[in-house]
Protein chains: 2
Amino acid sequence: MVQTPTEDTAALPKVPTPTLERLTTYLRCLVDLGASGVRTISSAQIEEHAGVSAAQFRKDLSYFGEFGKPGVGYQVGELENRIARILQLHKLQPILLVGAGNLGSALASYPGLEEHKFHIVALFDTDPEKIGKRVLGMDIIEFSRLGEINEVLQARIAILAVPASAAQAAADSAIQSGVRALLNFAPTPLKVPAGVVVRHVSFLQELAVLSYHLTETEKRGQ
Amino acid sequence: MVQTPTEDTAALPKVPTPTLERLTTYLRCLVDLGASGVRTISSAQIEEHAGVSAAQFRKDLSYFGEFGKPGVGYQVGELENRIARILQLHKLQPILLVGAGNLGSALASYPGLEEHKFHIVALFDTDPEKIGKRVLGMDIIEFSRLGEINEVLQARIAILAVPASAAQAAADSAIQSGVRALLNFAPTPLKVPAGVVVRHVSFLQELAVLSYHLTETEKRGQ
DNA sequence: TAGATTGTTAATCGATTAACAATC
DNA sequence: TAGATTGTTAATCGATTAACAATC
């Protein structure tokens with residue numbers, strides 16, 4: 001196990017994305033359990049409450065260190081804090097929201113955003129009709145001013161709730177202004193430089209997958 | 001390869017979920033290419049336009065039959081139709097929407113729904129303030145009437161855009177009324193009987209994954 | 001101490017990628 | 001026919017599950 005001199009950080013095993021996604025599930029589960037007075041839990045109890053196998057839960061945590069005591073289990077409060085810290089949910093995250101249509105406005109007022117320390121700090125749109133109108137106490141700002149505005153705000157995350165035709169331009173501007181993570185609600189893939197992370201949420205894609213499974217279950221049932 | 005007598009259908013190889021998700025990407029790509037006058041495409045061109053490798057594309061299609069001609073490629077229009085058919089996007093799909101808050105209303109008016117033959121046929125909420133109000137020409141109906149209403153409508157897909165606390169009850173009612181596929185926007189896992197498919201969309205989960213990656217890229221960059 | 005439960009290693013499973021024979 | 005490109009098989013990669021030694 002000789003480390004080559006050029007690698008100065010002992011490359012930790014890369015964390016699988018499904019593991020990261022499950023962390024938020026564990027977190028919600030822990031918050032719930034904590035609220036109902038539970039102080040200690042075992043991986044078996046997580047399995048029951050979160051619907052993720054005990055083995056999977058322990059494996060997931062193992063990417064980040066040791067969290068429990070053999071024979072005892074995990075401290076609810078402590079585990080909650082440590083997972084929140086891993087996901088950076090312990091400190092305020094400023095977020096840009098591009099697109100102030102129906103979806104954008106709904107996302108801006110999504111309950112739980114603030115609770116998870118996500119804070120939408122600016123709202124952009126290209127529609128002159130919308131500029132200056134207010135959503136949740138924020139002015140809607142002309143999209144072309146994104147760069148200038150984010151110079152001050154320094155947000156690193158942007159949500160794109162724009163039509164497919166506008167998505168790439170929105171992404172480019174955001175990245176240009178320093179954004180390094182994009183949540184894309186537009187039904188189109190984005191091209192981004194290395195070092196920028198994109199997650200894509202597609203309402204229609206989800207429905208299509210369900211639609212496929214519908215006929216499958218019918219066939220089986222029939 | 002002797003078929004046991006109890007298995008009356010030659011169990012087709014199960015289609016991986018990622019394959020189904022990519023089908024919608026191909027579809028969009030094909031629609032775009034078709035609109036710009038392209039008649040024939042190769043898997044290599046799909047790779048370029050859709051950002052999915054040519055090998056992956058061919059493998060994905062292979063679950064459903066043969067679609068192209070060696071040495072030639074695929075007919076854009078034909079492939080488009082066949083993929084739409086696989087996903088059942090060729091016939092109207094009635095959908096129930098439970099929850100007429102900000103998110104529910106935004107989803108109801110999502111552009112592209114109708115284009116993909118998804119049709120929201122009823123909108124439910126428990127809030128007495130909202131009952132009878134109209135969204136997109138539809139009355140908002142008291143949630144307790146879901147069963148009675150769907151007896152007539154016979155929708156098999158429901159979208160849940162309700163708070164976490166109401167999600168399980170909404171799912172139960174929908175399933176009771178004949179729904180077999182659920183798209184869950186509530187930040188909580190659902191318990192459903194076998195034969196019911198659930199897809200879960202979690203805005204906060206997506207943001208949390210991005211948030212994690214942000215610090216990772218910073219570490220690497222640093 | 002004995003019983004419980006962890007963290008980790010090894011075995012399994014499934015999806016992606018690469019390679020190529022078949023064929024237009 | 002020769003060149004191009006498919007559909008499929010085999011090799012690789014990565015994630016999940018199972019098993020268990022370590023330990024509270």
Side-chain angles (χ1 to χ4, degrees), chain A residues 1 10-26 29-30 33 38-76 78-80 82-83 86 189 209 212-213, chain B residues 1 10-26 29-30 33 38-76 78-80 82-83 86 189 209 212-213:
Chain A
M1 285 291 164
L12 324 175
K14 204 188 145 291
V15 181
T17 302
T19 291
L20 292 173
E21 294 175 354
R22 282 188 298 265
L23 287 185
T24 63
T25 306
Y26 304 146
C29 182
L30 291 166
L33 286 167
V38 179
R39 293 308 182 80
T40 307
I41 46 141
S42 65
S43 57
Q45 287 172 280
I46 288 279
E47 171 160 353
E48 204 178 310
H49 285 268
V52 176
S53 81
Q56 181 77 80
F57 171 72
R58 295 201 304 275
K59 179 72 176 172
D60 284 343
L61 289 187
S62 76
Y63 290 103
F64 306 100
E66 305 194 350
F67 296 77
K69 273 200 181 43
V72 180
Y74 305 83
Q75 297 297 317
V76 172
E78 191 210 325
L79 186 54
E80 191 183 318
R82 290 183 64 188
I83 293 179
I86 290 165
V209 173
Y212 170 83
H213 280 298
Chain B
M1 285 291 164
L12 326 175
K14 204 188 145 292
V15 181
T17 302
T19 292
L20 293 173
E21 294 175 353
R22 282 187 297 265
L23 287 185
T24 63
T25 306
Y26 304 146
C29 183
L30 291 165
L33 286 167
V38 179
R39 292 310 181 78
T40 306
I41 46 141
S42 65
S43 55
Q45 288 172 280
I46 288 279
E47 171 161 352
E48 205 179 308
H49 285 268
V52 177
S53 81
Q56 181 78 80
F57 171 73
R58 296 201 304 276
K59 178 73 175 170
D60 283 343
L61 289 186
S62 76
Y63 291 104
F64 307 100
E66 305 193 351
F67 295 79
K69 273 199 182 42
V72 180
Y74 305 83
Q75 296 298 316
V76 172
E78 192 211 323
L79 186 53
E80 189 183 321
R82 289 183 65 189
I83 293 178
I86 290 165
V209 173
Y212 170 82
H213 280 297

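Naming: A, B, ... by sequence-line order, numbering from 1 per chain. What you are looking at is a predicted structure, and each value in this text was computed from that prediction instead of being measured. Side-chain atoms are counted along with the backbone in the values below, which use heavy atoms only and exclude waters and symmetry mates.
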How many Å lie between CD on B/Gln56 and C1' on D/dG7, as a whole number?
14 Å

All heavy atoms of B/Thr19 vs all of B/Asp60, minimum pair found to be OG1-OD1, 2.8 Å

Expressed in angstrom and rounded to an integer, what is the separation of A/Lys59 atom NZ from C/dT6 atom C1'?
14 Å

Atom pair distance, as rounded to whole Å: CZ in A/Arg58 and P in C/dA4:
15 Å

Atom pair distance, as rounded to whole Å: CD in B/Glu47 and P in D/dT6
11 Å

Tell me the interatomic distance from A/Tyr63, atom OH, to C/dG7, atom C1', rounded to whole angstroms.
13 Å

Which of A/Ile41, A/Thr40, A/Leu79 passes side chain to side chain contact (heavy atoms under 4.5 Å, CB included) with A/Leu33? It is A/Ile41

Gap between atom CD of A/Gln56 and atom CD of A/Glu47 - 0.5 Å precision
10.5 Å

Of B/Gly73 and A/Val72, whose nearest nucleotide on DNA chain D comes first from the 5' end?
B/Gly73

Looking only at side-chain N and O atoms, does B/Ser43 come under 4.0 Å of OP1 or OP2 in D/dT6?
yes

Nearest-nucleotide pick for A/Pro18, side chain only, options being C/dA15, D/dT16, D/dT8:
D/dT16

Please assess A/Leu61 against A/Tyr74 for the test side-chain contact (heavy atoms from CB on, under 4.5 Å), listing each intermediate value before the final yes or no.
CA-CA 11 Å; A/Leu61 289 187; A/Tyr74 305 83; 3.7 Å; yes

So which one's nearest nucleotide on DNA chain D is more toward 5', A/Asp60 or A/Lys69?
A/Asp60

When rounded to whole Å, the CZ to C1' distance for the pair B/Phe67 and C/dT23 reads 18 Å

Under a 3.5 Å limit for both distances, which nucleotide forms a Watson-Crick or G-U wobble pair with D/dG3, could you say?
C/dC24

